Amino acid sequence: MDKNRETIDNALKMAWIMQLKEDWKTANYHYFKNSMRPPHFELSGADRILGNWRGGHWRRLSVSIFLIQSYPWEYVQEVLYHEMAHQYVEEILGIRDDLPHGEIFKSICRENGIDSSATGDIHTWMERKKNSFSAQSGNHTILDKVHKLLALAQSKNEHEAQLAMAKAHELLLKHNLSLLDAHAGRHYVYKQIGNIGNRDAIKSLICSILCKYFFVEAIWKFGYEQHENKNGRALEIYGLPENVEMAEYVYNYLQNISELLWIEYKGQKKIDGNKHRRTFIYGLLEGFYNKLENQAVTSHSNKLVWKGDPKLKEFFFRRNPRRSRTSHRYSTSCHDAYASGINQGKNLVIRKGVHGKSNGEIKYLN
């Protein structure tokens with residue numbers, strides 16, 4: 001047996017089992033209307049098999065320890081949902097003689113946005129997952145053009161930088177409108193982005209920016225970091241692969257640049273500590289939101305109007321059939337910090353060069 005697996009703390013294994021049980025309960029409620037009884041859960045030592053449902057008197061649902069150790073928990077959830085679909089077909093529909101991945105099973109998966117391919121060899125499935133996030137060749141061309149415009153947005157000439165960003169966004173808008181007009185089949189993906197932690201007004205505002213101006217749908221879900229046994233909220237975004245890639249970049253960019261501009265402002269104003277940090281960053285993002293809104297008005301005058309992607313909404317609603325809305329109220333702690341953030345946000349440009357998790361590290365968009 002692999003030494004890494006031998007050294008997993010028994011308490012951590014129990015925590016994983018408990019989290020699987022909680023995720024099973026949530027999925028049973030969301031996708032299967034609380035119709036199933038909890039099975040026996042098991043962590044499998046199989047290196048290559050993702051998971052397994054063994055029905056009959058065993059009633060055992062197993063998930064690979066290797067999968068849990070090696071990949072994000074959202075992938076573990078996907079395998080769990082897949083095995084739950086098997087459980088539903090056998091125990092609720094009473095079908096035991098059909099092929100394991102027959103049409104009835106696939107139909108249940110389609111209706112609930114569950115990955116019917118989340119089975120078999122781990123490495124094969126991961127390769128399929130990786131390929132599913134790759135934009136089609138024609139759409140890669142669009143991304144390449146957007147990336148070049150973002151590179152131009154690094155110009156020290158403020159007018160040139162603003163123009164480059166406006167052109168990049170207009171290019172994305174035209175691209176998405178053309179896909180809707182063509183009525184072509186579209187492949188949607190979903191991905192959890194950012195760190196698992198608390199949801200706050202700042203993250204919620206970034207989420208609103210992504211949904212309104214970057215062609216994705218998003219929802220806050222309960223997330224889990226299995227290596228630290230840490231629960232929190234995770235932002236999950238949905239869309240075409242190229243839009244998800246762009247939205248993730250923008251999310252990380254805004255988190256990073258917000259911190260960098262706050263540090264700069266704090267130094268200029270000789271502020272000790274982070275008392276007005278949230279007020280400044282909230283103002284910054286609100287100013288940026290208003291800037292994008294003004295650009296959208298200009299696009300409307302050019303008859304470029306984005307009203308959303310109905311097929312994406314349908315996909316999103318299948319994955320998230322029971323949604324609830326929450327709002328965050330935020331009061332400013334310092335008018336000067338808020339006003340300065342607003343002014344900087346109105347001039348903020350998405351540039352090529354601030355990427356990655358919001359830890360101050362500068363990375364590049366490929």
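All of these numbers come straight from a predicted model, not from anything done at the bench.
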So for atom CZ, which belongs to F317, do other residues, nucleotides or ligands contribute more than 12 heavy atoms lying within a distance under 6.0 Å? yes
Gap separating the CG atom of L12 from the CD atom of Q226, nearest 0.5 angstrom: 8.5 Å
How far apart are the C-alpha atoms of H101 and F105, what are their side-chain angles, what is the distance that settles it, and do they pass the ring pair (Phe, Tyr, Trp, His ring centres under 6.0 Å) test? CA-CA 6 Å; H101 298 96; F105 171 82; 5.1 Å; yes
For [Y], is there an ion pair with [X] - N to carboxylate O distance below 4.0 angstrom?
X: E111; Y: R318; answer: no
X: E236; Y: K191; answer: no
X: E74; Y: K221; answer: no
X: E91; Y: R59; answer: yes
X: R186; Y: D309; answer: yes
X: K167; Y: E170; answer: no

Trace of the side chain to side chain contact (heavy atoms under 4.5 Å, CB included) decision for H187 with S132: CA-CA 8 Å; H187 168 64; S132 74; 3.6 Å; yes
Return the set of residues passing ring pair (Phe, Tyr, Trp, His ring centres under 6.0 Å) with Y71 (not counting sequence neighbours), or none when no residue passes. none
Taking the ring centre of each residue, are [X] and [Y] less than 6.0 Å apart?
X: H123; Y: F66; value: yes
X: F215; Y: H175; value: no
X: Y188; Y: Y238; value: no

Would you check if Y265 and K269 make a side-chain contact, meaning some heavy-atom pair closer than 4.5 Å? yes
Pick from L205, I257, L254: which one makes a side chain to side chain contact (heavy atoms under 4.5 Å, CB included) with F288? L254
